[in-house]
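What follows is one structure encoded as structure tokens, with my remarks underneath.
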Amino acid sequence: MTVSVNRELCHGSGECAFRLPCVFTTADDGFGAVVPGREDTGGDPEVRDAAERCPSQAVSL
């Protein structure tokens with residue numbers, strides 16, 4: 001299962017990167033992004049938790 005961040009929905013709170021920095025990062029423009037090579041981690045319970053806690057619901061699995 002893949003994970004992605006919808007940049008049109010992202011508010012740049014950094015919640016995903018704070019919770020799971022091994023999967024999420026903050027891009028140069030301040031918005032959330034998935035760390036390259038970690039896109040297939042959507043099945044991980046911690047990734048699912050981070051997606052659920054995204055205040056803008058920008059993280060999708």
Side-chain angles (χ1 to χ4, degrees):
M1 182 182 306
T2 61
V3 60
S4 63
V5 177
N6 183 328
R7 298 176 63 77
E8 292 182 17
L9 295 177
C10 182
H11 293 253
S13 71
E15 184 71 24
C16 58
F18 174 76
R19 290 190 174 278
L20 211 52
C22 62
V23 176
F24 300 101
T25 189
T26 303
D28 291 338
D29 59 4
F31 294 103
V34 178
V35 172
R38 302 292 291 175
E39 298 88 357
D40 291 333
T41 59
D44 184 313
E46 290 181 306
V47 174
R48 283 184 279 173
D49 183 55
E52 290 174 7
R53 294 176 184 271
C54 175
S56 61
Q57 298 300 294
V59 179
S60 61
L61 306 174

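Quantities reported herein were computed from a predicted structural model and do not represent experimental measurements.
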Closer than 3.5 angstrom, by distance alone: can the side chain of [X] be matched with the main-chain N or O of [Y] as a donor-acceptor pair?
X: Ser56; Y: Leu9; value: yes
X: Arg38; Y: Phe24; value: no
X: Gln57; Y: Cys54; value: yes
X: Thr25; Y: Ala27; value: no

**Prompt:** Can a salt bridge be assigned to the pair Glu52 and Arg48 using a cut-off of 4.0 Å between side-chain N and carboxylate O?
**Reply:**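 Not counted as a salt bridge, because no side-chain N and carboxylate O are separated by less than 4.0 Å.
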**Greater than 12 external heavy atoms within 6.0 Å of Glu46's CD** =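 Counting neighbours around CD of Glu46, 12 or fewer heavy atoms of other residues, nucleotides or ligands fall under 6.0 Å, so no.
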**Chi angles and distances behind the side chain to side chain contact (heavy atoms under 4.5 Å, CB included) call for Cys22, Leu20** = CA-CA 5 Å; Cys22 62; Leu20 211 52; 4.1 Å; yes
**Item:** Separation between SG of Cys16 and CZ of Phe31, rounded to the nearest 0.5 Å
**Value:**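 The SG atom of Cys16 sits 12.0 Å away from the CZ atom of Phe31.
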Hydrophobic clustering (ILVMFWY, side-chain heavy atoms < 4.5 Å, transitive) - are [Y] and [X] grouped together?
X: Val5; Y: Val3; result: yes
X: Val35; Y: Val59; result: no
X: Phe18; Y: Val47; result: no

**Side-chain touch Ser4/Glu39, heavy atoms, less than 4.5 angstrom** = no
**Prompt:** Which atom names give the shortest non-hydrogen contact between Glu15 and Pro55, and what distance separates them?
**Reply:**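 It is CB-CD, 4.0 Å.
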